[in-house]
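The structure appears below as structure tokens.
What you see is a predicted model, and the numbers here were worked out from it, not measured in a lab.
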Amino acid sequence: MAGSGERAVRTRARLAALLADASTAALRSAGGRVAGVYLRAGGPGDAPDFLRLAVLAGLPGPLFRPWWRVHVDRPFPVCDAYRLGLPVVLPNATEAVRRYPQFAAGLPFPFASVHMPVPGGGGPLGVLAVLRPSAGDDGDEPLDRELLARLAEGLGTELLALADGDRGAIVWDGEPQCVRPPAARPPQAAVGRFTWDPATHAVRADDRLHTLLGLAAGDFAGTDTALAEALAPAEAYRVLAALRDTAAGKPPGAPLSLRAADGASRLLDLWPAGDGGAPPSPADGGGAVARVGGVVFDPGRAALADGAADQLPQGVFCLDRLGTVVYANAAAARFAGRAREALLGRTLWDALPWLTGPPYDDHLRGALLSPEPVHFHVRRPGGPDGAHGGYDGFAVSVHPGDDLLTCTLVPASRMEAPGGPRPPGPAVAAGPSMAAAYRPIALAIALTDAVTAQQVSAVVMQELLPAFGGRRLAIYLLQERHLHLAWESGFPPGFLEPFDGVALDARIPAVETLATGRPLFFESMRQLAETYPGLPMDAEEGSRAFLPLIASGRPVGSCVLGFDGPRGFSAEERTVLTALAGLIAHAMERARRYDSEAALARGLQQALLPSRLSAHPRVETAGRYLPGTEGLDVGGDWYDVVESGDGLALVIGDVQGHGVQAAATMGQLRSAVRAFALGDRPPDEVLSGTNHLLIGLDPGQFASCCCLRLDPATGLTRIARAGHPPPLLLAPGGRARPLDIPGGVVLGVDPGARYPVTELILEPDAILALYTDGLVERAGADIDDGIADLCRALDRAGAAAGRRDGLTLSGVADRLTAAARHADARPDDVALLLARRLRHG
């Protein structure tokens with residue numbers, strides 16, 4: 001909330017508490033998993049057309065970082081709710097994909113959501129959003145809209161009261177406040193142990209298991225069938241089959257996820273055990289199994305700290321809904337290579353950083369937003385050399401609960417049970433994201449905003465590579481029957497240089513995949529080396545995928561994906577990657593056309609600008625032009641220096657709009673100005689004559705302009721402007737300032753418009769700067785602030801130019817346009833014209 005001093009601190013704290021209360025109330029009343037409130041952005045550099053997430057309850061902040069700050073025009077439900085002032089209800093994933101594909105692709109999980117505007121008199125103050133499990137595809141709304149509307153209305157009333165009725169003060173200026181939701185139920189018995197004798201089918205269970213299953217001791221028959229029915233009636237066959245397999249020396253590679261009769265989630269883990277039921281040590285060999293040990297636990301309950309889980313052979317740790325480790329058993333601490341005390345109370349990102357980042361954040365989001373468990377593999381760095389207890393790969397399962405996520409870690413070495421085959425798929429390589437089916441949607445949506453080859457490559461790097469656990473990317477484009485490297489990331493420096501520009505007859509996989517049109521998959525570097533003897537390798541371990549980029553039957557190039565460890569590629573993964581390669585190829589083909597057309601557009605613009613500026617022995621001039629980077633349309637900015645009698649006329653202008661029309665008008669205006677100036681007409685007559693010409697040429701088209709005439713001998717300068725930003729003057733030994741020059745309306749509007757003339761004396765070594773608004777305008781900021789920034793930049797550049805070994809005027813021009821030249825995007829053209837009167841001609 002806007003303000004300063006101690007009162008602002010107190011107000012910010014009260015605002016945060018108010019938003020936290022509203023979010024947790026929405027969670028309790030709506031049965032939601034996640035809730036949050038968006039307010040108008042109010043931080044440094046924020047524009048009023050942005051929203052910031054102010055509070056987030058039930059989800060770790062880092063997992064929601066891409067949605068912390070959103071533009072109100074983005075195709076997101078929270079933006080529509082704010083902009084339209086209407087609730088947006090998405091009862092299921094199907095409706096989310098239909099109405100908001102970009103939002104659904106970013107969060108491709110089966111959840112429902114409601115986005116309720118927070119009313120505040122003249123319009124919404126923000127949006128209250130709730131996410132909860134999906135209501136299915138029957139169209140039912142996920143919660144009571146009237147209830148949520150009342151909560152939002154009450155929040156709006158309290159916000160206005162807190163701000164003393166000042167709507168403009170209700171903003172958020174930083175990262176979201178993350179709130180731990182209230183516990184859904186008190187801790188209860190969560191872990192139960194048992195042993196099973198395969199010879200007699202007898203089960204011996206402890207008291208915790210009876211409590212967990214809600215059974216009295218006399219109710220339990222003590223057989224494997226009774227245990228299976230009590231655990232999961234609908235899945236009893238899975239329990240019995242797992243018991244038999246474990247007795248035969250083939251325990252499940254990971255805990256089984258089951259559903260109890262009441263729908264609650266249960267985990268069952270089994271292992272070959274001795275007569276005492278204890279798990280074997282890693283040094284134990286195979287052999288006959290006398291008994292099977294087992295444990296059942298409820299992933300949604302918090303009472304794991306009673307010591308029972310310390311007996312489990314796999315690692316178990318629990319996270320609260322903010323990502324804090326609240327429990328870890330002995331095995332989890334051992335696998336992490338840290339003391340248990342070093343894990344507890346720390347966030348997952350701090351305690352186990354190798355379990356975070358893409359694609360693992362995707363899995364955690366899925367477990368927090370949907371009721372189903374997720375399973376994946378992870379390879380942690382530094383394992384094989386003996387660090388971290390010698391463990392470098394794990395099968396990970398994440399089981400959602402009301403208040404907790406229960407995570408299990410099974411070492412890769414256990415995945416190959418004695419006497420049994422390794423489960424299909426890689427044991428240690430990171431598997432594909434749980435949202436693999438959504439990747440073509442996500443990539444296609446992201447590629448729609450990529451218009452250059454560099455942007456397309458960056459999107460592939462951000463969207464595709466993390467989804468499949470890749471670390472290396474190379475993209476080659478076909479040009480004149482040679483493949484040229486367009487993008488690389490993750491490869492050793494210089495490794496790909498010998499492959500840049502290779503001909504299509506070279507026998508390397510990047511060429512052959514394009515020549516044959518078939519993707520090539522190598523599950524290990526050894527397999528790649530055997531297929532292509534003598535091919536240089538960038539690593540000893542890893543796997544590679546080579547994808548042909550073909551658009552509408554035309555070869556475009558090749559895409560190389562690299563993975564750090566050996567891994568398999570399932571049929572589904574190969575299909576998805578091949579489809580994604582087609583999307584990339586079409587985007588690259590479009591980008592190449594864009595680059596060609598943009599080059600033509602820039603060439604046209606440059607041709608319309610002066611190839612050289614008229615010179616005078618006592619005046620130094622320098623001009624710069626930068627085209628806009630959004631779209632292919634050329635702009636209408638221009639500048640010129642014209643001989644005018646015994647002096648010089650300097651002019652700069654900006655035609656409204658972009659495109660061929662604007663460029664054509666600009667060329668005509670430049671010719672008109674030159675004609676009037678060559679006749680030694682004063683600046684006001686130059687503008688009046690050009691104004692009449694523009695009205696006659698194209699009614700409805702208008703332009704801003706600033707024109708001055710400089711007498712180099714005396715320094716007398718006469719200036720007139722038509723709706724154009726004021727020139728800047730940097731006097732010797734002074735500071736740059738905008739000149740206070742009255743102006744007339746823009747050209748092309750009023751045939752009777754008059755343009756007053758202002759006179760000044762330009763001292764020797766003074767610098768005069770004319771510019772267009774593209775150099776000083778910023779989205780959401782006042783143009784006066786941009787002009788002030790340009791003045792400060794001119795001060796610094798002018799000081800350097802004043803030194804003996806300092807900048808030339810051309811160097812000053814480069815300094816003033818440097819920020820615009822290196823900006824990621826320029827929504828408008830930029831033109832700059834500088835003049836300095838010299839002391840001696």
Which heavy atom of [X] sits nearest a heavy atom of [Y], and at what distance?
| X | Y | value |
| --- | --- | --- |
| V316 | A332 | O-CB, 3.6 Å |
| A26 | L148 | CB-CD1, 4.0 Å |
| A152 | M116 | CB-CG, 3.6 Å |
| W68 | F64 | CD1-O, 3.1 Å |
| L59 | C178 | O-SG, 4.4 Å |
| R321 | V34 | NH2-CG2, 4.2 Å |

I'd like to know if the side chain of [X] reaches the main chain of [Y], judged simply by a donor and an acceptor atom lying under 3.5 Å from each other, with no hydrogens or angles considered.
| X | Y | result |
| --- | --- | --- |
| R338 | R334 | no |
| R33 | R132 | no |
| R193 | V296 | no |
| T24 | A20 | yes |
| D361 | T356 | no |

Candidate pair R365 and L63, rule side chain to side chain contact (heavy atoms under 4.5 Å, CB included), full reasoning: CA-CA 7 Å; R365 272 191 292 265; L63 290 185; 4.0 Å; yes
Under the side-chain contact (heavy atoms from CB on, under 4.5 Å) test, which residues partner [X], sequence neighbours left out?
| X | value |
| --- | --- |
| E235 | A232, R238, L258, R259 |
| L27 | A35, A57, P181 |
| P77 | V88, L90, Y100, F103, H115 |
| L160 | L125, R167, I170 |

Would a 4.5 Å heavy-atom cut-off, applied to side chains only, mark [X] and [Y] as touching?
| X | Y | result |
| --- | --- | --- |
| F317 | L409 | yes |
| P400 | L405 | yes |
| L322 | T347 | no |

Near-ring test F335/F394, centroid separation under 6.0 angstrom: yes
NZ/NE/NH1/NH2 to OD/OE distance under 4.0 Å, R180 and D320: yes
Those residues that, when tested against R65, pass salt bridge (charged side-chain N to carboxylate O under 4.0 Å, His left out) (two or more places apart): none
Residue list, salt bridge (charged side-chain N to carboxylate O under 4.0 Å, His left out) with D73, at least two apart or on another chain: none
Y82 and its side-chain contact (heavy atoms from CB on, under 4.5 Å) partner, picked from L51, V70, V118: L51
Residue pair H375 / S397, side-chain donor-acceptor N/O under 3.5 Å: yes
What distance do [X] atom [atom1] and [Y] atom [atom2] have between them, rounded to the nearest 0.5 Å?
| X | Y | atom1 | atom2 | result |
| --- | --- | --- | --- | --- |
| D21 | L18 | CG | CG | 7.0 Å |
| L56 | S23 | CG | OG | 8.0 Å |
| F76 | H71 | CZ | NE2 | 13.0 Å |
| L368 | L319 | CG | CG | 8.0 Å |
| T324 | L343 | OG1 | CG | 12.5 Å |
| L39 | F50 | CG | CZ | 16.0 Å |

Stepwise side chain to side chain contact (heavy atoms under 4.5 Å, CB included) test for L155 and T157: CA-CA 5 Å; L155 175 59; T157 300; over 6 Å; no
